[in-house]
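To keep things clear, I will list the structure first and then write my remarks on it.
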Amino acid sequence: MCSPLCPAEEPQPLSDIRKVRQRGDLISEPFHASSVVREIWSEACSSADRDAARERFREFARNPVYVTYSVRADRSDLEDNVNAHLQGLVPIKRYAFRREEKTIRAKVLEAVQVFGFYSPEITVEPEDPEDYHNPVIRVSVKRGDPVLIENLDVDYGIDGEVLEEVKALETSGKMKPGNVFSHVEYENFKTAVLSTMLSRGYVKARITTSQVYVYREEKRADVKIVIQPGIRHRIGSIVYEGFEESHPVAKKMNRIKEGDYYDAQKNADLSQSLYQSGYFQSADVKVDDNLATEDGKLPMVITLAPRPSTIVDVGIGFSTDEGPRLQLAEKNPWINDLGHSFNSTSKLSLKDSFFRGNYVIPRDDPNNDFYQISPSYEHKDNNDTLYDSFVISAHYITRIHGTWEKDIFIEYGYDDFVQGDDKGWSSLLMPGITLSRTGMQKSIDPSWGYRVSITAKASLENIVSRKQILYTDVILKALMSPTENSRLLLRFQQGAVMFGTLNVIPPRLRFFTGGDNTVRGYGYEQISPRDSTGRLMGGRFMTVGSAELQLPVAESMRLATFLDMGMVTNSYSKERDIKVGTGMGIRYISPVGPIRLDLGLGIKEKHIPFRIHFGIGNGL
């Protein structure tokens, strides 16, 4: 006799069907797909062994197979988002797929609508409809035409310069009429508007209406946003805490006054400026909107922590130019209540050793406007150069409009030297000026940057100085990225020393080139005119140019190829011996910055020299 669920010519009594449905051992899940039940019981109807069918049901209950998804879409970001949404579903058993298919489709549609596609073509089918042990569900998505923004209606509730700033977000971003409506960009736009308003003093601003009307057939959308801004808050009392002796200096650095509108960017700039002064271990600038007064004023608290009284750094290094070297840096960031500080750097190497100190006296802003007294001593013994040089200089340093740094100085230098055949001493008093500007991406491996430095200084004969000399030096460097992971580094330097005979110009003011950072393939400062005995004597003029291209070859590794050109001469009209260095190298992006290893060839020489060059840094 057939089972109650078998196909039969005569209908079975309703009571018999109910008995089958109540057998918990046969149907362990109340939501089994009816197609599965029919299939198994149809097999049982034609089988003599109904126990096998019952065992099959028990196997489904004991070891359920859960579906997995194989997603294909006609855009990679859609595919990723569909996958992410499907992973958020509760596990679905394979034999219950048909019951949950509607839920799966809804999730896929939700994932696609995020990008503005409201009429996609979605296919959801098992990889093998006949095999309930195969868990793979294939999901195919064709996005169709997007919904475009027709109207963007935003009521900001404010006016003035802040209104212009937030309205600029409409035109500069992707939430403007004619663009594809995207839920991601919609949320980003609302966040940007609120963040901008908050940062400009509307700290209680909130969105009261946020509506999107989508017309699927017309493929368009209208967006309406209403913002309740609240009052625009101002700065109230300003309180300084910690490191009491620094408060007068900190107050001079603070451009924010009581009654100013609250501006988060100004607060951040003040915190950064205080920290960059070198006085403070930390500088925390905070306002608490919960403490706002009735008239909307926010109290500001500036908390300062001093740096250690003495900071010492010791380093051991090596370069192919100088060999092994020991370097010591010391900093006393706070000497007295006026904010005076002192720092020094000392280096000991076989070829070039020096001590350089800087006593800094802030005039107004310690970061941008200060006096500096700088004593230095240098001993150099390299190739045909041997000298001892003592220089003391006084500087006034200021940053013009926060971009160019202007250094007006006067220096006195005494040199005792031997340079090739020249032997003597020099005493020079030289006023001068340096204009410099540097910009660089903040990264251990910057993708862009530049440096400009222009120096000119002169001495007048018989005013302390023995001879009249005019010294100029121009340095230009640029770093750019033709592609995301490639780098192009360009460098140019032009120097000149005019007036006076060469034998009265000390070696520290003569020009030499060659080495790691100039013309590779040649030794350190081995390019210069030579005297009658063949020894280096330095030159009045120097021109150096370089181009270097770095291409990625592996993670944190780039291959570099370069071309360096340079010359040092006493007369461009009489001597045009341009040295050319070229070669290849490796750049490894380490936690301390790019490590450079180069093989350079001096290709214009009769017997081509080659050098291995090593250094650390980005070249700027």
Side-chain angles (χ1 to χ4, degrees), residues 315-325 327 349 351-352 437-453 474-495 511-527 542-568 578-605 607-620:
I316 298 175
F318 176 87
S319 74
T320 48
D321 282 350
E322 298 179 293
R325 60 189 178 192
Q327 190 157 312
S349 72
K351 297 182 178 181
D352 189 5
R437 180 170 179 168
T438 300
M440 189 187 308
Q441 181 188 36
K442 294 181 179 179
S443 170
I444 61 171
D445 179 33
S447 61
W448 66 268
Y450 64 88
R451 179 188 170 202
V452 180
S453 177
V474 177
I475 299 173
L476 307 174
K477 295 185 179 182
L479 174 67
M480 58 194 77
S481 298
T483 61
E484 183 178 356
N485 293 315
S486 64
R487 300 289 186 269
L488 177 62
L489 177 64
L490 303 174
R491 296 179 292 185
F492 175 79
Q493 183 174 3
Q494 177 64 57
F511 291 103
F512 302 82
T513 193
D516 295 351
N517 296 307
T518 54
V519 183
R520 285 161 285 191
Y522 294 85
Y524 176 49
E525 296 190 345
Q526 289 186 2
I527 299 175
M542 178 182 72
T543 304
V544 175
S546 175
E548 175 178 302
L549 179 63
Q550 303 173 14
L551 300 173
V553 292
E555 186 177 1
S556 301
M557 189 81 70
R558 289 195 286 265
L559 179 67
T561 180
F562 55 85
L563 178 66
D564 303 334
M565 303 177 68
M567 67 178 297
V568 178
I578 300 175
K579 305 296 184 183
V580 179
T582 188
M584 302 185 71
I586 291 292
R587 303 291 178 265
Y588 171 66
I589 314 306
S590 75
V592 297
I595 296 176
R596 298 177 281 123
L597 181 64
D598 291 323
L599 173 62
L601 304 173
I603 58 175
K604 284 196 68 176
E605 304 302 310
H607 302 287
I608 296 178
F610 70 91
R611 293 264 176 173
I612 295 176
H613 301 274
F614 174 81
I616 297 177
N618 54 51
L620 286 179

>> Evaluate R491 against N517 for side-chain contact (heavy atoms from CB on, under 4.5 Å), listing each step before the verdict.
In response: CA-CA 10 Å; R491 296 179 292 185; N517 296 307; 4.2 Å; yes
>> Quick check: closest heavy atoms across I608 and G602, and the distance to 0.1 Å?
In response: CG2-O, 3.4 Å
> Who are the salt bridge (charged side-chain N to carboxylate O under 4.0 Å, His left out) partners of K477, not counting sequence neighbours?
Replying inline: none
> Do T518 and Y524 come within less than 4.5 Å of each other through their side chains, counting heavy atoms only?
Replying inline: no
Would you be so kind as to tabulate the donor-acceptor pairs closer than 3.5 Å made by side chains of residues 561-568, with sequence neighbours excluded?
residue	atom	partner	partner atom	Å
D564	OD1	R520	NH2	3.1
D564	OD1	S546	OG	2.5
D564	OD2	R520	N	3.0
D564	OD2	R520	NE	2.8
D564	OD2	R520	NH2	3.4

>> Test of understanding: with side-chain hydrogen bond (donor to acceptor under 3.5 Å, both in side chains), list the residues that count as partners of N485, not counting sequence neighbours.
In response: none
>> Please give me the minimum heavy-atom distance between P324 and S349, naming the atom from each residue.
In response: O-CB, 3.7 Å
> If you round to the nearest 0.5 Å, how far is OH of Y450 from CE of M480?
Replying inline: 13.0 Å
>> Test of understanding: with side-chain contact (heavy atoms from CB on, under 4.5 Å), list the residues that count as partners of P482, not counting sequence neighbours.
In response: S486, L488
> Which atom pair, heavy atoms only, marks the closest approach of V519 to G581?
Replying inline: CG1-N, 3.9 Å
> For G514 and I527, which heavy atoms make the closest approach, and how far apart are they?
Replying inline: CA-CD1, 4.1 Å
> For the atom pair CZ (F614) and CG (L597), what is the distance rounded to the nearest 0.5 Å?
Replying inline: 7.5 Å
>> Within this structure, what is the CZ-CD distance for the pair F511 and Q494, rounded to the nearest 0.5 Å?
In response: 8.0 Å
>> Under the rule for side-chain contact (heavy atoms from CB on, under 4.5 Å), what residues qualify as partners of Q441, not counting sequence neighbours?
In response: S443, P446, S447, W448
> side-chain hydrogen bond (donor to acceptor under 3.5 Å, both in side chains) with Q550: which residues, sequence neighbours excluded?
Replying inline: E548, R558
>> Applying side-chain hydrogen bond (donor to acceptor under 3.5 Å, both in side chains), can you list everything that pairs with S481, at least two apart in sequence or on another chain?
In response: R487
> Any side-chain heavy atom of D598 sitting closer than 4.5 Å to one from R587?
Replying inline: yes
>> Restricting to side-chain hydrogen bond (donor to acceptor under 3.5 Å, both in side chains), what partner residues turn up for Y588, sequence neighbours left out?
In response: none
>> For F492, I'd like to know if atom CZ has over 12 heavy atoms of other residues, nucleotides or ligands within 6.0 Å.
In response: yes
> Considering only heavy atoms from C-beta outward, does the side chain of M440 approach that of L479 to under 4.5 Å?
Replying inline: no
> How many angstroms lie between CG in L599 and NE2 in H613, if you round to the nearest 0.5 Å?
Replying inline: 8.0 Å
> Listed by chain and number, what are the salt bridge (charged side-chain N to carboxylate O under 4.0 Å, His left out) partners of R325, not counting sequence neighbours?
Replying inline: E322
